[in-house]
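Worksheet: the structure to be examined is printed underneath.
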Amino acid sequence: AEFLADTGYHRPVVLLSLRLDDLLGGGAAFMFHLTNVLLHLAASVLTLLLLRAWLRNTAAALAGALVFAVHPAHVESVAFVSGRTDLWVTVLGLAAVLAWTSWRRGAHRAGPAALLLFFLSLFAKESAYLLPAALLVISALLPQDARDPRPWWRRQAGWLGAAALTMGVAAALRLGVAGVGFGEAAATAGSRLGADLATRLGHLPALAAWYLRLLLVPWPLNAYWSAHHLAPGVLTWAAAVAAVGIVALARRRGAAGLSWTFIFLLPVLGFAPLQGAPFAERFLYLPSFGWCLVAGALFARAADAGRRRAAIAATAALVLVLAIATVARVPVWKDDATLFTDMARRSPEEDIVQHNLGAALHRAGDSAGSMAAYRRAVAMAPNHEPSLRALGVAEGIAGNFEVSIDLLRRAVVADPKRPESHYNYAVIANQLGRVELAETHFRRAIELRPDYALPVAGLCELLAARGDAEGARRQLAALQRLD
């Protein structure tokens, strides 16, 4: 609960689905990945249905839906189990919009369904709060209630009021019942784009260019785009300009698609302080529906101009190229070592990437590769406690105790409240015969985390070896209580 309050993540729909996968699959990774694939399939089908409703052209809708289904930028959202937040908000959001469209066209029973789906989407990912803004633009550019004689603004008042009430109820449950805010302070502190709004918005043109490029030319891809990529090259700017030109060809529908894309990209264009990578492919999942609307609109326009065969051929070629790129990208996500090796190749200057590569190689049994990655991480971020601790432990395992204890001392200094660093520091100190130092840090680790069994066991052994039988018995009793 404290973690959720700090980060501002309140996504019970996603957590429930993960729990169900765990129960149904016995913790096997296959079930988690299967659910992600099924959610992507559902999102693709909903894209088809919604585009058909808006474009009134099944072939054009199919063209747009196929682009959505095989777009390489979606690999991250589908392959990355934690990327399920984007899958769920897209499935629930598009289903809500489909019901909203039916309601605007006279299917009155669809109204409550739209509100329920919208309500659920708000508990899948916070970007769902932008859905009414997107629909307001869609209502202006692609009217869904042309037969209603009332002025445009009056036709929007009813559903906007219902949406506002739904968001109010969701926010009240989030803040008042769950006690989870939106994580502004924590995100600001860790934002790679800058702590203040002005600094973050200074990156907006570059971020917009990158996202447009990834939609139009999704290659090469990177699971960790770093701050060093925030200076786009000529090709990225050219691709962005070309994407805008393509949108212009689709006219009003193109404007609607581009508006959808950028409304849902607003949080990651610098308006919201986000932790981690400054931009990511998974952030394009829901916004990319707008790009697929543009693709479908271009198909429809070509077909209406008598160039249906050319439109089919162009769509087939595009879908084939995108599918090949997707198939080529999928193996990168087969395991941690492969993924982080690819990350380190594309973003070698990021200390967190090197740290994660070290951890992945350690789990894969590559000790030399792991230590090399940890050393690069420490060189890049000399005060990064997790990297100092990991390298210190690795050096200790290799028998380099003096190097190890220095690294672990630095880890304790970097984050004095991390019990794991105190424990590992104590282990190496004891190994070197510095018993008093070891006892001090075993006790500090226990003080910071009373249910941490390893320092209790370590202190028990130290006291027993020193001949303090009574102290060792107390620690043994504490250890048995933890078991």
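Keep in mind that what you see is a predicted model, and the values were worked out from it rather than measured.
A side-chain contact (heavy atoms from CB on, under 4.5 Å) with Trp260 is found for exactly one of Leu286, Val294, Leu130, namely Leu286. Among Leu15, Val13, Leu18, the single residue meeting the side-chain contact (heavy atoms from CB on, under 4.5 Å) criterion with Arg84 is Leu18. The side-chain contact (heavy atoms from CB on, under 4.5 Å) with Leu408 is formed by just one residue from the set Val413, Val427, Leu388, Asn424; it is Asn424.
Listed for the His422 side chain is a donor-acceptor partner under 3.5 Å among the backbone atoms of Pro416. No donor-acceptor pair under 3.5 Å is formed between the side chain of Ser121 and the backbone N or O of Val89. Panel note: side chain Ser370, backbone Asp366; no donor-acceptor pair is recorded below 3.5 Å. Not one N or O on the side chain of Trp88 forms a donor-acceptor pair closer than 3.5 Å with the backbone of Arg11. The backbone N or O of Glu349 lies less than 3.5 Å from no partner atom in the side chain of Gln354, so there is not a single donor-acceptor pair. Using a distance-only test at 3.5 Å, with no hydrogens or angles considered, no donor-acceptor pair links the side chain of Ser404 to the main chain of Asn400. Side chain of Tyr374 to backbone of Gly392: no donor-acceptor contact under 3.5 angstrom is found. The backbone N or O of Gly270 lies less than 3.5 Å from a partner atom in the side chain of Arg200, making a donor-acceptor pair.
Summarising the local packing, CG of Leu235 is surrounded by 12 or fewer heavy atoms from other residues, nucleotides or ligands at distances under 6.0 Å. No more than 12 heavy atoms of other residues, nucleotides or ligands lie within 6.0 Å of NE2 in His362, so this atom counts as exposed by the packing criterion.
In terms of heavy atoms, Glu350 sits closest to Ser226 at OE2-CB, 3.1 Å. Looking at every heavy atom in both residues, Ala377 comes nearest to Asp351 through CB-O, 3.7 Å. Counting all heavy atoms, side chain and backbone alike, Ala243 lies closest to Leu216 at N-CD2, 3.8 Å. For Thr47 against Ala65, the heavy-atom pair with the smallest separation is CG2-CA, 3.9 Å. Heavy atoms only, all atoms of each residue included: Trp237 and Pro232 are closest at NE1-O, 3.4 Å. Across every non-hydrogen atom of Leu214 and His71, the tightest pair is O-CE1, 3.3 Å.
At a threshold of 4.5 Å between non-hydrogen side-chain atoms, the residues Pro72 and Leu221 count as touching. Considering only heavy atoms from C-beta on, Asp406 stays 4.5 Å or farther from Glu402 through its side chain. Counting heavy atoms from C-beta on, the side chains of Pro331 and Thr338 never come closer than 4.5 Å. At a threshold of 4.5 Å between non-hydrogen side-chain atoms, the residues Asn356 and Met343 do not count as touching. Looking at heavy atoms from C-beta onward, Ile446 lies in side-chain contact with Gln475 at the 4.5 angstrom threshold. Using a 4.5 Å cut-off on side-chain heavy atoms (C-beta onward), Arg346 and Pro220 make contact. In this structure, the side chains of Tyr425 and Ile405 come closer than 4.5 Å at one or more pairs of heavy atoms. Contact of the Leu265 side chain with the Leu284 side chain is registered, since non-hydrogen atoms from C-beta on lie closer than 4.5 Å.
In summary, Glu420 and Arg444 do not engage in a salt bridge, as defined by a charged side-chain N under 4.0 Å from a carboxylate O. Ion pairing of Arg375 with Glu395 is present here, as a side-chain N (NZ or NE/NH1/NH2) and a carboxylate O approach within less than 4.0 Å. Under 4.0 Å is where a charged nitrogen must lie from a carboxylate oxygen, and between Asp342 and Lys334 no such pair does. A salt bridge links Glu126 to Arg174: at least one charged side-chain nitrogen sits closer than 4.0 Å to a carboxylate oxygen.
Relative orientation of the His229 and Trp225 rings is perpendicular, given thresholds of 30° and 60° on the angle between their planes.
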Apply side-chain hydrogen bond (donor to acceptor under 3.5 Å, both in side chains) to Ser347 and Asn222, showing your working.
-> CA-CA 8 Å; Ser347 297; Asn222 187 353; 2.9 Å; yes

Test Leu92 against Phe119 for side chain to side chain contact (heavy atoms under 4.5 Å, CB included), laying out the working first.
-> CA-CA 9 Å; Leu92 292 169; Phe119 179 77; over 6 Å; no

Go through the steps to decide whether Glu447 and Arg443 satisfy the test salt bridge (charged side-chain N to carboxylate O under 4.0 Å, His left out), and finish with yes or no.
-> CA-CA 6 Å; Glu447 180 184 343; Arg443 292 189 184 280; over 6 Å; no

Salt bridge (charged side-chain N to carboxylate O under 4.0 Å, His left out) assessment of Asp335 paired with Arg363 = CA-CA 11 Å; Asp335 56 45; Arg363 290 191 294 270; over 6 Å; no

Salt bridge (charged side-chain N to carboxylate O under 4.0 Å, His left out) between Asp451 and Arg449, worked out | CA-CA 6 Å; Asp451 63 342; Arg449 185 176 150 193; 3.4 Å; yes

Which is it for Phe279 and Val268 under the side chain to side chain contact (heavy atoms under 4.5 Å, CB included) test, yes or no, and what are the steps along the way?
-> CA-CA 7 Å; Phe279 62 104; Val268 295; over 6 Å; no

Take Trp333 and Glu76 through the test side-chain hydrogen bond (donor to acceptor under 3.5 Å, both in side chains) and record every step on the way to the result.
-> CA-CA 8 Å; Trp333 289 84; Glu76 180 172 316; 5.8 Å; no

Can Leu66 and Leu48 be said to form a side chain to side chain contact (heavy atoms under 4.5 Å, CB included), step by step?
-> CA-CA 8 Å; Leu66 286 173; Leu48 171 63; over 6 Å; no

Stepwise side chain to side chain contact (heavy atoms under 4.5 Å, CB included) test for Glu439 and Leu463 | CA-CA 8 Å; Glu439 181 179 355; Leu463 294 174; 4.3 Å; yes

Check the pair Arg410 / Glu385 against salt bridge (charged side-chain N to carboxylate O under 4.0 Å, His left out), numbers first and verdict last.
-> CA-CA 8 Å; Arg410 290 167 56 190; Glu385 184 275 334; over 6 Å; no

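Here the CG atom belonging to Asp86 is positioned 6.0 Å from the OG1 atom belonging to Thr90, to the nearest 0.5 angstrom. A distance of 9.5 Å separates OG of Ser387 from CZ of Arg389, quoted to the nearest 0.5 Å. Atom CG of residue Leu38 and atom NE2 of residue His33 lie 13.0 Å apart, to the nearest 0.5 angstrom. Distance CZ/Phe340 to NE2/His355: 9.0 Å, rounded to 0.5 Å. A distance of 11.0 Å separates OG in Ser288 from CZ in Phe264, rounded to the nearest 0.5 Å.
With ring centers used as reference points, His40 lies under 6.0 Å from Phe68. A ring-centre distance under 6.0 Å is not found for Tyr285 and Phe289. Aromatic rings of His441 and Tyr423 (six-membered ring for Trp) have centroids beyond the 6.0 Å cut-off, not under it.
Checking Asp415 against Ser421 by side-chain atom types alone, no donor-acceptor pair falls below 3.5 Å.
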